[in-house]
4 protein chains.
Amino acid sequence: MDPESQPIAVQAEPVGKGAAILKAAVAVFSLRGYHASTVADVAKEAGVATGTIYNYFERKEDLLIELFHRYSERYLVLQTAGLDSEKPGQEQLSGFVRRHFEVFGEERGVARVFHVHWREVQPLIRQGILPSLRSFFAAMDRVVEEGIQAGEFDPDLSPRLARQLISGALDEVVISWALSENNRALVDSAAPLSRMLEKALRS
Amino acid sequence: MDPESQPIAVQAEPVGKGAAILKAAVAVFSLRGYHASTVADVAKEAGVATGTIYNYFERKEDLLIELFHRYSERYLVLQTAGLDSEKPGQEQLSGFVRRHFEVFGEERGVARVFHVHWREVQPLIRQGILPSLRSFFAAMDRVVEEGIQAGEFDPDLSPRLARQLISGALDEVVISWALSENNRALVDSAAPLSRMLEKALRS
Amino acid sequence: MDPESQPIAVQAEPVGKGAAILKAAVAVFSLRGYHASTVADVAKEAGVATGTIYNYFERKEDLLIELFHRYSERYLVLQTAGLDSEKPGQEQLSGFVRRHFEVFGEERGVARVFHVHWREVQPLIRQGILPSLRSFFAAMDRVVEEGIQAGEFDPDLSPRLARQLISGALDEVVISWALSENNRALVDSAAPLSRMLEKALRS
Amino acid sequence: MDPESQPIAVQAEPVGKGAAILKAAVAVFSLRGYHASTVADVAKEAGVATGTIYNYFERKEDLLIELFHRYSERYLVLQTAGLDSEKPGQEQLSGFVRRHFEVFGEERGVARVFHVHWREVQPLIRQGILPSLRSFFAAMDRVVEEGIQAGEFDPDLSPRLARQLISGALDEVVISWALSENNRALVDSAAPLSRMLEKALRS
DNA sequence: GATGAATGAGCATTCATTCAT
DNA sequence: GATGAATGAATGCTCATTCAT
């Protein structure tokens, strides 16, 4: 997925049965939602027996949690690398938005699962997902803060509110795309959205 | 609830057992989430027998759906009245944001239930909730469109994207507040958020 | 069951669905043993739905525990009343043995369930059953101690060991009878066993 | 195993993986009980893979059955040799009791497993265990019968009941010790218990 | 309308057993 | 023989929904 880190690697797909099960979980959860999906559904989709799931995940909840873990990690690596190579302010912001849409635009299923479930309130799930959420937010905080420090963004902004603006907007655009059937590329929204966000934040 | 929009209305509280049950549903769902709540929980909270719920609602799902219906209707009436009395563009926008935060800031429970569940994907629920969602969006679309027509907002904006920016930002601010324990008043975020949104949209 | 306390009562059988379920549990557990019995088996035997069991008992384990509770209570009342009216020593001892065999001889099923399961080591069950076991032992301790005090039993006896002798012997005789198919009356063993026990204990 | 064939034998421990697995089974079953123990638990304790168990035992039940087999065989050899060298009646009885307590007092784990599980009613287990039980009883029957024939025990005794008295008493004393945590030596109960039993049986 | 006991389908999870390596 | 991942039947328990009172 990350062309730079696996320039030679043949397998773009992470292997291992655990990964295959998570992939199946994405397929199933994205269709029916976590709560309406059964472990048996996931097993069937993964082509394994029900019990096999429990060789890799302790609880049904862990399917969702682990899924957040893995994808958010990949996401973070990508965003961090991008931001590191960009100038604070407008350049980082538009890069961030573009990458966000690229990542989630790649797989509608993943986008659906993430955006539908990250407000999950069941304690076990919420606790498991929180670290992932925080890492998303941290990346956006960085964009805001470095942009302010660089003098590109309004120093009077509430950083929290600015981050909520960005995260809310991205969230809404992605879920709207993810739940629709249209074939528009998600990334096409990157430029116009960036433009609005920049205007909102600039000094 | 809003003394200005119901200057004559005597009953601030909608009465009737149906309304009482919905109120209980808010309390229960906001605490545990819809999926982890049982009909018996709601009944207990409402002080009625389980079976009584089914005299007022056909299915558990209808509790959530009806809840969206009623609250979104009140919301719509309020917003529409407000927008009708305001000048398109910046004035409508900031009025809209303020009212949004006022409404949801009133009851954390309602805010939680709405913002946690409006991405519900179970078909029955989704179908039932969609009209409410659409009416929310319609109100925001109006703000954007009238603002553009009035020449206050950038005519090159994608109205869809502009609406998603607004709705996403409001959404994020509200849920962040609703899920936290802090005692900050939600409406305090209205002015600074409005300012950012105005900058984002203006020509 | 106790003719004196219900001189008029027509129903010797305690009613209520809870009691009926316990009765079914005795039938099922005595046949297959607790571990090989399913809650569905008990429900079927009781003529109710599986879920109904859980309206009366929180867990499968509680079926066994409650069963011990109720029967041991009845047992205790009976033995205590008997001992109160008997002279310490030989008279109490033979009365005790006779009543023990009468009670368990009444229902082979109950005898089987008790004697097969009171060594259960699963913590939840063990904890639940212990009070019943202790009350059985306490009754036997009384026989030994009052017999010693009355000068009928050897004062050099270890009371603990004497009690273990009695309880072990009763236990073995009952379970041997309960697990066999023979139609001998259990109470027929009372007199000869009492004689041996008296000889063992007397000064 | 056979004291006569290894009077000097160094290895008190039977070797071989099968024996090691049984030893592990004792450790596991004595802690959690047979039903709450898994084959995987036993494998782990034995330091082998789960599948390996099945190279030595066909079914989980066979672990318990085989365990009874082996230990009761050793027990029988020991008791038989002892009884052969003792005078019928009081001498055999007290020897028997002493050896019984010595054997089970050696390993609390074995004592626990035996005394907790020999009332197991699941057909497969019961059938497998019965021969062991019968051999225990046969040894006690011998003590009673030879004691009667020798004129030491009351000829009017019911041999069955006398055996049940002995077996029940031993059983109770052992399990009480096995389930407790106290550090008393089991064999200390041998003499006082023998005395009571002798009084119970003598003419 | 109100009640709450009864229902039974549904599901997460366990675990004895198998078998390819 | 040894391994331990894979299997899938089995089961305790939950809970939306019904209905007799």
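Residue numbers start from 1 in every chain, and the chains themselves are labelled A, B, ... in the order their sequence lines are given, proteins ahead of strands. Keep in mind the model is a prediction, meaning the values are calculated, not measured.
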Say whether, by atom type as modelled, one donor and one acceptor occur between the side chain of B/R126 and the main chain of B/E120 under 3.5 angstrom. yes

Does E/dG8 have its OP1 or OP2 closer than 4.0 Å to a side-chain nitrogen or oxygen of C/T50? no

Separation of B/K44 atom NZ from E/dT3 atom P, in whole Å? 15 Å

Per the under-4.0 Å heavy-atom filter, residues of residues 57-68 of chain D near DNA chain E come out as D/R59, D/K60

Any donor-acceptor pair under 3.5 Å linking the side-chain atoms of A/D41 with those of A/T38? yes

Measure CG/D/D41 against C1'/E/dA16 and give the value in whole Å, please. 12 Å

B/Y34 versus B/E61: any side-chain heavy-atom pair under 4.5 Å? yes

Side-chain N or O of C/Y56 versus OP1/OP2 of E/dA5: is the shortest distance under 4.0 Å? no

In whole angstroms, how far is the P atom of F/dG1 from the CD1 atom of D/I21? 11 Å

Map A/A49 and C/Y54 onto DNA chain F by nearest heavy atom, then report which one ends up closer to the 5' terminus. A/A49

Counting only side-chain N and O atoms of B/N55, is one of them less than 4.0 Å from OP1 or OP2 of E/dA2? yes

Atom CD1 of C/I53 and atom P of E/dT7 are separated, to the nearest Å, by 10 Å

Side-chain contact test, heavy atoms from C-beta onward, threshold under 4.5 Å: evaluate it for B/L179 versus A/V121 and give yes or no. yes

Work out which heavy atom in A/A24 is nearest to a heavy atom in A/E45; give both atom names and the distance. CB-CG, 3.5 Å

For F/dA2, take OP1 and OP2 only and decide whether either is under 4.0 Å from a side-chain N or O of D/K17. yes

Verify, without hydrogens or angle tests, whether C/K60 (side chain) and C/S37 (backbone) share a donor-acceptor contact under 3.5 angstrom. yes

5′-ward residue of the pair C/A40/B/A40 relative to DNA chain F: C/A40

Describe the nucleic acid contact of B/T38 in one word from base, sugar-phosphate, nothing, applying a heavy-atom distance below 4.0 Å. sugar-phosphate

Here's a test of your reading of the structure: between D/G51 and C/T52, which maps to the more 5' nucleotide of DNA chain E? C/T52

Can you label the angle between the D/F114 ring and the D/W118 ring as parallel, tilted or perpendicular, going by 30° and 60°? perpendicular

Watson-Crick or G-U counterpart of E/dT21, or none if no pair lies under 3.5 Å: F/dA2

Would you kindly give the NE2-to-P distance between B/H35 and E/dG10, to the nearest whole Å? 18 Å

Under 3.5 Å for both donor-acceptor distances, Watson-Crick or wobble: does E/dC15 have a partner, and if so which one? F/dG8

